[in-house]
Amino acid sequence: MLESDRKVVRQALSAALAQAQAKGDLPVFPPPDFVVETPKEKSHGDLATNLALVSSGPSGLPPRQIATALVRYLERQPEIQQLVGRIEVAGPGFINFFFREGWLSRLFRAIEAEGDRFGCARAERPRRVLLEYVSANPVGPMVVVNARAAAVGDCLANLLSAIGHQVEREYYVNDAGRQAELFARSLNARYLQLAGREAPFPEEGYPGEYVTELAAEFLRSHPELVEMEESERVAFFKEKGVDRMVELQQQELARFGVHFDRWYRERDLHRAGKVEEALELLRQNGALYENEGATWFASTRWGDDKDRVVVKSDGEYTYMAADIAYHRDKYERGYDWVIDIWGPDHHGYIGRMRAAVAALGYDPDTFQVIILQLVTLLRGGQPVRMSKRAGEFITLDELLAEVGKDAARFFFLMRSPSAHLDFDLDLAREQSEQNPVYYVQYAHARIASLFRQAEAAGVTRPKASQVAVDLLTAPEETELARKLAAFPDEVRLAAERQEPHRLTHYAMEVASLYHSFYAHHRILGTEPGLEAARLYLSHATQVVLRNCLRLLGVGAPERM
RNA sequence: GCGCCCGUAGCUCAGCUGGACAGAGCGUUUGGCUACGAACCAAAAGGCCGGGGGUUCGAGUCCCUCCGGGCGCACCA
């Protein structure tokens, strides 16, 4: 049901309860939390509520008795009389609402009026959100787990925007740490080797082929580096080599349809003195102390398990020092909701970062971490073993070449972020016609084809206000329409709970209901009123599918 | 040892913050194209929701406990 209709019912219920209590038909108790939802079972009406059930405890009355009293007051309300044809008390004490046909007309008109915006909403309290995700070290190509983070983060950003928040997407580039140093030295070694010099490869360096390719690129563009001082050359690679890697990562993600508003460089954080600043602020807040030559952050005072070192005894900052400064900077830039997507190997990090946010004087509840579980690629039913350190892994580009952008994104978004994902490459590639993504896209393309056919026959889609919705009475028609009406709700739920996978499931349900409708009912060439109504239902389905796929970042093809 | 995630159909997973008979995709079996796309539809088989306690009118969902799997617990990033 449309959210606006649901709101009407919810308010009517609250009013009915208050009136029944005022008149003494029900004892006085504080209004409980209750839900107004679309029942799974269609014989239970268009909307149902558990108000009477949850009132049983506080009132001491049997649920059905409460429900009966509430219904008496509901039926007197003009808003309900207009909207609802029948109200029943069912099961243990549910109140079920059966809507008049007018709701379908309202759905069509809403879709006509809102078009591409159908499903979106204005937030009651819009927030400035900074969503940070992927943030892989700039030392190699995107790997599969980064791709999942990219898909999830991108979709989440779309969702939060859709419910009215102001969202910015950010990628944190760790270009100042040990990994960047190792990468530079690996690049340096390959460069010298290609130039015909003796050069030992660093012990924990990056052995991947891409490093050699990048070295070759530098040898062509900067042959003079051979004569440069070793430390100077490494510094050059740490700067330019990393920059080039970041560029390659940007291009790779762009091919996946993922774009960031900002690539935030850790390097800049250090150069602008923001790490010192942040630590100074912590010091002023009494959050730092010295012990055994190191500087510690007393994070336990803000709920962490143990205190953390921020400046090592050798004078170097820890990774965390920079990260504290980075998160402070996010707040300084004015965001009031900071969301990070991290891998499961970082979950032990949440407590200390939360503590840091609090110690800096910000509300830790505005800081949220989504832990995204890992991906296992399956080939021939067997996991594909990967090791970044050994230089053996499947890159995002390789995945795209194998299964395509739409299938990859859809697969990544099919599971809850907190669940491990098994990605079956054989299924995604060799049996691509079996993929859920094609099933959904097919429904969209099929509707596009229908309208091409209609156009050739000189039939045009009517205005929503002209559709005789009472002609849509078959179960395949009403069930489809009910599902379409739930779209704004689905978007809101997926956004509020940060669960993009709801959308892929919803899309499959809509596609399934449409295919069933299509198989059971002739559209073109039926009696004109019916033809128009079914065309409009098809149009509405297409709008919802397109909007849903756009939120997912998956294409909605006209032909396939 | 402590913390987090996960145990639901043969496989991979949903399950609307506690609701009305437990769902989907893949796989298996069977049927359906001389009108709009068969990348589709229809039907069937398949489950003590890991085990055991508890809270509740009501538990796959919340609490306790045990079992099994994954990942964390650095002056690494």
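Values below: every heavy atom of this structure, side chains too, minus hydrogens, waters and symmetry copies. In this text, all values refer to a predicted model and were calculated from it rather than measured experimentally. Per chain, numbering begins at 1; letters A, B, ... match sequence-line order.
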What nucleic acid atoms does [X] come within less than 4.0 Å of, heavy atoms only: base, sugar-phosphate, or nothing?
X: A/S416; answer: sugar-phosphate
X: A/A294; answer: base
X: A/I523; answer: base
X: A/H444; answer: nothing
X: A/N50; answer: base
X: A/P63; answer: nothing
X: A/N96; answer: base
X: A/M560; answer: base
X: A/A445; answer: base

Give a yes/no on whether any side-chain N or O of [X] is located under 4.0 angstrom from OP1 or OP2 of [N].
X: A/H420; N: B/G69; answer: no
X: A/Y518; N: B/A39; answer: no
X: A/S418; N: B/C6; answer: yes
X: A/Q373; N: B/C71; answer: no
X: A/Y438; N: B/A39; answer: no
X: A/K306; N: B/C2; answer: no
X: A/R446; N: B/A38; answer: yes
X: A/S512; N: B/A24; answer: no

Can you tell me whether the side chain of A/S516 and the base of B/C41 have a donor-acceptor pair closer than 3.5 Å? no

Can you tell me if A/H347 is stacked onto the base of B/G72, using a 5.5 Å centroid cut-off and an angle below 30°? no

Tell me whether A/Y442 and B/G37 count as stacked here, given that the ring centres must be under 5.5 Å apart and the planes must differ by less than 30 degrees. no

If the glycosidic angle is within 90 degrees of 0 it's syn, otherwise anti, so just tell me which one B/U17 is. syn

Find the partner of [N]: check Watson-Crick (N1-N3 plus N6-O4 or O6-N4) and G-U wobble (N1-O2, O6-N3) distances, both under 3.5 Å, and reply none if neither fits.
N: B/G25; answer: B/C11
N: B/U17; answer: none
N: B/G1; answer: B/C73

Report yes if the distance between the aromatic ring centroids of [X] and [Y] is under 6.0 Å, otherwise no.
X: A/Y439; Y: A/Y442; result: no
X: A/Y326; Y: A/Y264; result: yes
X: A/H327; Y: A/F367; result: yes

When you get a sec, tell me which of B/C75, B/C36, B/G15 is the closest nucleotide to the side chain of A/R502? B/G15

Nearest of B/C57, B/G37, B/A20 to any side-chain atom of A/H44? B/A20

Least distance between heavy atoms, A/L551 atom then A/A162 atom: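 Distance-wise, the nearest heavy atoms are CD2-CB, 4.0 Å.
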
